[in-house]
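All remarks here apply to the structure that follows.
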Amino acid sequence: MERLITVLLASGCSLLLQAQTDVDTQRAIRLGNAAYRRGDTRAAIEQYNRAEKDQRGTFNRGNALYKQDSVAGAQRSYESAAAMARGPEEQARAFHNLGNSWMRQQKFKEAVSAYKEALKRQPNDEDTRYNLAYAQKKLQQQEQDRKEDQQKDQQKDQQDQEQDEQKKEEEQKKDQQKDQQQQRKPQPGRIDEQDAQRLLDAMQQQEKNTQEKMREKVKVKPRVPIDKDW
């Protein structure tokens, strides 16, 4: 019997603690809402952080962060709120705002997905339907821009490659012309074929002249008769 009383007391304490936690959560949400309405988003976020285990606190924190232009933080809060939400209406609101946060980050594919999730839960929400159509249009434009950028990059790469090849060909031509000029240029200690032939002809002519002179020297001249006075 004593053991049963102990258990009941423990359960009672747990309920009291839970009740106190709920009270603190509700109070934090009320204070956060009041700060949000008067434009003090910093104070609102501090209060909502105290109620982050409650879907409403997490959702409202996302709104305060979004208003602060802390879009990435708002996105994470909306994702948490969507996971914590139990009813389709709460889930739809979280996914709708999640789509808005993705739009602010120009991540249109993610925005389209979030808006579709919201419409699954609230098919008649015209605001979400309009945002979905707008996000799809922006996504199409983004993909078209990306495709055009890729084509421009490919064209630029091709032009660069052609310019490199043209430059390489020009350099090769210059090298060939330089080699040809170097070959035509007389090298020290070397003579071209025409000069060599002329030199050879001159040597042969000189040798011929020398031989003729030698033959003239050895040639016997006829004696001239001597006139005698008999």
Side-chain angles (χ1 to χ4, degrees), residues 7-146:
V7 172
L8 290 175
L9 288 173
S11 299
C13 290
S14 177
L15 291 173
L16 288 172
L17 289 174
Q18 182 63 41
Q20 183 62 43
T21 300
D22 291 341
V23 170
D24 292 341
T25 297
Q26 297 297 329
R27 182 172 181 273
I29 292 174
R30 287 197 303 272
L31 293 174
N33 292 345
Y36 183 85
R37 284 193 294 270
R38 67 175 180 266
D40 191 353
T41 54
R42 182 176 179 180
I45 292 171
E46 290 178 357
Q47 293 298 328
Y48 292 142
N49 285 337
R50 295 187 175 93
E52 63 180 358
K53 292 183 180 181
D54 187 285
Q55 190 270 344
R56 294 169 300 169
T58 302
F59 178 85
N60 290 353
R61 180 179 63 189
N63 291 342
L65 289 168
Y66 189 90
K67 194 171 183 180
Q68 273 191 346
D69 290 331
S70 300
V71 186
Q75 165 219 317
R76 290 190 291 269
S77 291
Y78 292 139
E79 287 174 338
S80 299
M84 295 167 64
R86 297 180 180 179
E89 186 175 353
E90 292 178 347
Q91 291 175 350
R93 284 199 301 266
F95 279 115
H96 177 94
N97 285 10
L98 177 59
N100 291 347
S101 67
W102 283 126
M103 286 291 292
R104 286 282 296 275
Q105 298 177 80
Q106 296 187 350
K107 295 184 178 181
F108 304 120
K109 184 177 181 180
E110 291 82 353
V112 167
S113 178
Y115 290 137
K116 285 182 177 180
E117 291 296 327
L119 285 174
K120 286 179 183 179
R121 293 156 177 83
Q122 293 289 327
N124 298 323
D125 191 327
E126 292 300 325
D127 290 337
T128 303
R129 191 175 300 279
Y130 175 86
N131 287 6
L132 172 60
Y134 183 74
Q136 288 173 330
K137 182 178 179 181
K138 296 294 289 185
L139 176 60
Q140 184 179 4
Q141 181 179 351
Q142 186 183 60
E143 290 176 347
Q144 181 65 27
D145 292 342
R146 184 181 295 113

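Computed from a prediction, not measured in an experiment: that's the story for all the values here.
Judged by distance alone, the side chain of Tyr78 and the main-chain N or O of Gly62 form a donor-acceptor pair under 3.5 Å. Here the side chain of Arg129 pairs a donor or acceptor atom with the backbone of Pro123 at under 3.5 angstrom. With hydrogens and angles ignored, the 3.5 Å screen pairs a side-chain donor or acceptor of Tyr48 with a backbone N or O of Gly32. Panel note: side chain Gln47, backbone Ala43; no donor-acceptor pair is recorded below 3.5 Å.
When every heavy atom of Ala51 is checked against every heavy atom of Thr25, the shortest pair comes out as CB-CG2, 3.7 Å. Contact detail for Thr58 and Ala81: the closest heavy-atom pair is CG2-N, 3.8 Å. Closest approach of Ala111 to Ala135, counting heavy atoms only: CB-CB, 4.3 Å.
With rounding to the nearest 0.5 Å, the separation of CG in Leu139 from CG in Leu132 is 10.5 Å. Atom CG of Leu98 sits about 9.5 Å away from atom CD of Glu110, to the nearest 0.5 Å. Taken from CG in Asn49 to OG in Ser77, the straight-line distance is 8.0 Å, to the nearest 0.5 Å. The line from CD1 of Ile29 to CD of Gln55 is 9.0 Å long, rounded to the nearest 0.5 Å. From Asp24, atom CG reaches atom CG of Asp54 across 12.5 Å, with rounding to the nearest 0.5 Å. From Ile45, atom CD1 reaches atom CG of Asn60 across 11.5 Å, with rounding to the nearest 0.5 Å.
Two residues are said to be in side-chain contact when any heavy atoms from C-beta on lie closer than 4.5 Å; Phe59 and Arg56 fail this criterion. Side-chain contact between Arg93 and Gln122: absent, with no pair of heavy atoms (C-beta onward) separated by less than 4.5 Å. Considering only heavy atoms from C-beta on, Tyr66 comes within 4.5 Å of Arg104 through its side chain. At least one side-chain heavy atom of His96 sits less than 4.5 Å from a side-chain heavy atom of Asp127. Counting heavy atoms from C-beta on, the side chains of Asp145 and Gln142 never come closer than 4.5 Å. Side-chain contact between Glu52 and Met84 is absent, with no heavy-atom pair separated by less than 4.5 Å. In this structure, Arg76 and Arg61 have side chains that are not in contact, with every pair of non-hydrogen atoms separated by 4.5 Å or more.
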Exercise. Give the C-alpha distance, both sets of side-chain angles, the deciding distance and a yes or no for salt bridge (charged side-chain N to carboxylate O under 4.0 Å, His left out) between Arg146 and Glu143.
Key: CA-CA 5 Å; Arg146 184 181 295 113; Glu143 290 176 347; 5.4 Å; no
Exercise. Step by step, work out the side-chain contact (heavy atoms from CB on, under 4.5 Å) result for Gln68 and Leu65.
Key: CA-CA 5 Å; Gln68 273 191 346; Leu65 289 168; 4.1 Å; yes
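Within 6.0 Å of CD on Gln106 lie no more than 12 heavy atoms contributed by other residues, nucleotides or ligands. Applying the 6.0 Å contact sphere to CZ of Arg86 captures no more than 12 heavy atoms from other residues, nucleotides or ligands. Residue-environment remark: CD (Gln140) stays at or below the threshold of 12 foreign heavy atoms within 6.0 Å. At most 12 heavy atoms of other shown residues, nucleotides or ligands fall within 6.0 angstrom of atom CD in Glu89.
Taking Gln91 as the reference, Arg121 meet the side-chain hydrogen bond (donor to acceptor under 3.5 Å, both in side chains) condition, with sequence neighbours excluded.
A distance of 6.0 Å or more separates the ring centres of Phe95 and Tyr115.
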